[in-house]
Protein chains: 2
Amino acid sequence: MEDQKKRILLVEDDPNFGTVLKDYLMMNDYEVTHAKNGMEGFEKFKKDDFDLCILDVMMPYKDGFTLAKEIREKNTDVPIIFLTAKTMKEDVLRGYKVGADDYLNKPFDSEVLLMKIKAIIQRKATETISDSKQFEFKIGSFDLNSKLRFLRFKGGEPVKLSPKENELLRLLALHENDLMPRELALTKIWRDDNYFTSRSMDVYIAKLRKYLKLDEKVEILNIHGEGFRLVVNT
Amino acid sequence: MEDQKKRILLVEDDPNFGTVLKDYLMMNDYEVTHAKNGMEGFEKFKKDDFDLCILDVMMPYKDGFTLAKEIREKNTDVPIIFLTAKTMKEDVLRGYKVGADDYLNKPFDSEVLLMKIKAIIQRKATETISDSKQFEFKIGSFDLNSKLRFLRFKGGEPVKLSPKENELLRLLALHENDLMPRELALTKIWRDDNYFTSRSMDVYIAKLRKYLKLDEKVEILNIHGEGFRLVVNT
DNA sequence: TCTCCTTTTAACCTTACATTAACAAAAATG
DNA sequence: CATTTTTGTTAATGTAAGGTTAAAAGGAGA
């Protein structure tokens with residue numbers, strides 16, 4: 001399915017190797033963001049959600065370990081793979097210390113890298129998300145459970161939401177009574193901001209409005225040229 | 001949890017290397033059982049509970065992969081590390097397919113091995129919290145005993161479940177009323193996530209639904225693109 | 001070998017989703 | 001006020017995922 005491609009942040013300063021690796025990963029159905037150095041890597045990391053980070057150790061200005069430490073401060077869960085130039089024991093040990101999930105010595109076999117990526121991402125997937133609270137929203141008389149993807153009105157029969165309906169409503173709920181910029185939804189949910197995705201989003205707004213009609217206190221307002229606002233009147 | 005020493009099963013046919021490695025691990029506070037070949041390895045595995053298996057790939061009579069497969073049939077969770085003589089890509093890939101957690105190329109640095117052991121055992125420990133050793137479930141009017149692989153309706157005649165039926169239902173039961181991601185079942189039970197294993201899983205869902213029809217309060221719901229949900233209506 | 005049991009693969013069908021088109025209605029622009 | 005841009009809404013289309021049954025393939029034991 002298109003929108004569940006795993007996202008990889010690749011930080012590698014060697015432009016040749018970097019682009020080749022990026023292309024190779026993309027050919028294997030990963031969505032890859034390539035940063036050319038540690039700084040850029042951290043900037044890109046903050047901007048997006050990634051399923052995996054692949055960091056070159058040897059980089060000017062900011063090496064892979066330092067970057068990994070910064071990443072760990074932001075996110076304790078995201079898997080990290082280090083690329084080390086040679087079998088430097090200290091590097092490997094240091095890597096594990098920063099919370100690496102694996103490391104690979106250059107030159108490495110690309111298929112092996114793929115295997116590792118697969119194994120690591122799958123491993124993370126098996127770690128169950130226990131804090132359900134994060135997925136539950138109250139919207140007027142509605143309960144939205146965005147993990148199980150349903151919307152329930154006053155404890156009645158829950159209505160199933162499609163992935164896009166669900167994500168959009170969740171994003172609106174996160175900004176309840178506040179502006180939810182079009183651009184935000186388009187980049188976060190559709191991952192692309194163009195005429196068609198924009199129209200697609202409008203279609204979904206219409207669908208959500210239909211669901212939410214049951215509670216006349218709840219409505220989605222448009223702010224022309226800006227975005228939408230989910231309001232709950234009291 | 002346990003302040004107990006972690007137990008390692010080491011299967012290595014080279015007597016010199018084997019004993020040295022065993023001693024080294026014991027010096028680092030692991031309890032090590034050393035088997036000299038695949039047969040012996042499997043015998044010892046059946047007799048005891050281990051926290052980790054370290055298997056040499058190249059062994060007479062029964063190689064490490066075959067042994068791993070047998071071990072996996074008994075225990076889907078125990079971490080496995082392979083020792084491969086050289087960087088054989090096929091070996092590495094085959095290892096991952098059997099559910100290896102990692103591999104090391106001989107000769108390897110002993111400290112690196114220690115690091116890996118630590119990381120893997122640590123990882124499993126956190127995983128096991130949510131995925132506790134539980135084998136008996138009440139599902140509506142059903143009793144599932146996943147150790148003996150049977151499902152009983154209201155104390156009647158138990159129905160025997162096949163291994164896959166059993167594991168799948170168990171996984172669903174562990175997540176009762178919650179999402180059981182497709183990916184989770186595929187990686188945990190099928191150890192591979194592709195079109196065919198996915199379809200195979202759907203077939204098993206159909207089988208389970210047939211069994212569960214006896215109790216109209218119990219159903220397996222699908223969450224499109226995400227997974228399944230075993231719900232028990234009250 | 002021939003069973004029996006389990007699992008995978010195939011086939012066919014249904015449902016779920018996302019996108020695009022089409023046209024209507026507001027809102028902005030100038 | 002005429003025109004362009006943005007949004008509202010419904011419907012049509014194409015594709016992917018899931019439901020179900022049956023046949024084929026594998027595998028262990030007799």
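Letters go in sequence order (proteins before strands), and every chain restarts at 1.
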More than 12 heavy atoms of other residues, nucleotides or ligands under 6.0 Å from NZ of B/Lys46: is that the case?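 Buried by this count: over 12 neighbours within 6.0 Å.
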
Earlier contact from the 5' end, DNA chain C, for B/Ile223 and B/Tyr204: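 So the residue in question is B/Tyr204.
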
Hey, which of these two, A/Phe196 or B/Lys207, hits DNA chain C nearer its 5' end, going by closest nucleotide?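 Its nearest nucleotide lies further toward 5', so the answer is B/Lys207.
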
In whole angstrom, what separates B/Asp202's CG from C/dA10's C1'?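 That distance rounds to 14 Å.
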
Mind calculating the distance between CZ (B/Arg199) and P (C/dT9) to the nearest angstrom?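 It is 12 Å, rounded to the nearest whole Å.
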
With a non-hydrogen cut-off below 4.0 angstrom, is [X] in contact with a base, only sugar-phosphate, or nothing?
| X | value |
| --- | --- |
| A/Ser200 | base |
| B/Asn222 | sugar-phosphate |
| A/Tyr195 | nothing |
| A/Lys160 | nothing |

Nearest to the side chain of [X], heavy atoms from C-beta on, is which of [options]?
| X | options | answer |
| --- | --- | --- |
| A/Ile205 | C/dA21, D/dA22, D/dG8 | D/dG8 |
| B/Arg182 | C/dT6, D/dG18, C/dT19 | D/dG18 |
| A/Val203 | C/dC17, C/dT7, C/dT20 | C/dT20 |

Cut-off 3.5 Å, side chains only: do B/Ser141 and B/Asp215 have a donor facing an acceptor?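 The answer is yes; a qualifying pair exists.
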
Closest contact, heavy atoms only, B/Ile139 versus B/Ala173: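 For B/Ile139 and B/Ala173, the tightest heavy-atom pair comes out as CD1-CB, 4.0 Å.
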
Indicate whether OP1 or OP2 belonging to C/dT7 is found under 4.0 Å from a side-chain N or O atom of B/Ser162.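 For C/dT7, OP1/OP2 do have a side-chain N/O of B/Ser162 under 4.0 Å.
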
Please walk me through it: do A/Phe137 and A/Phe142 pass ring pair (Phe, Tyr, Trp, His ring centres under 6.0 Å)? CA-CA 8 Å; A/Phe137 298 87; A/Phe142 295 100; over 10 Å; no

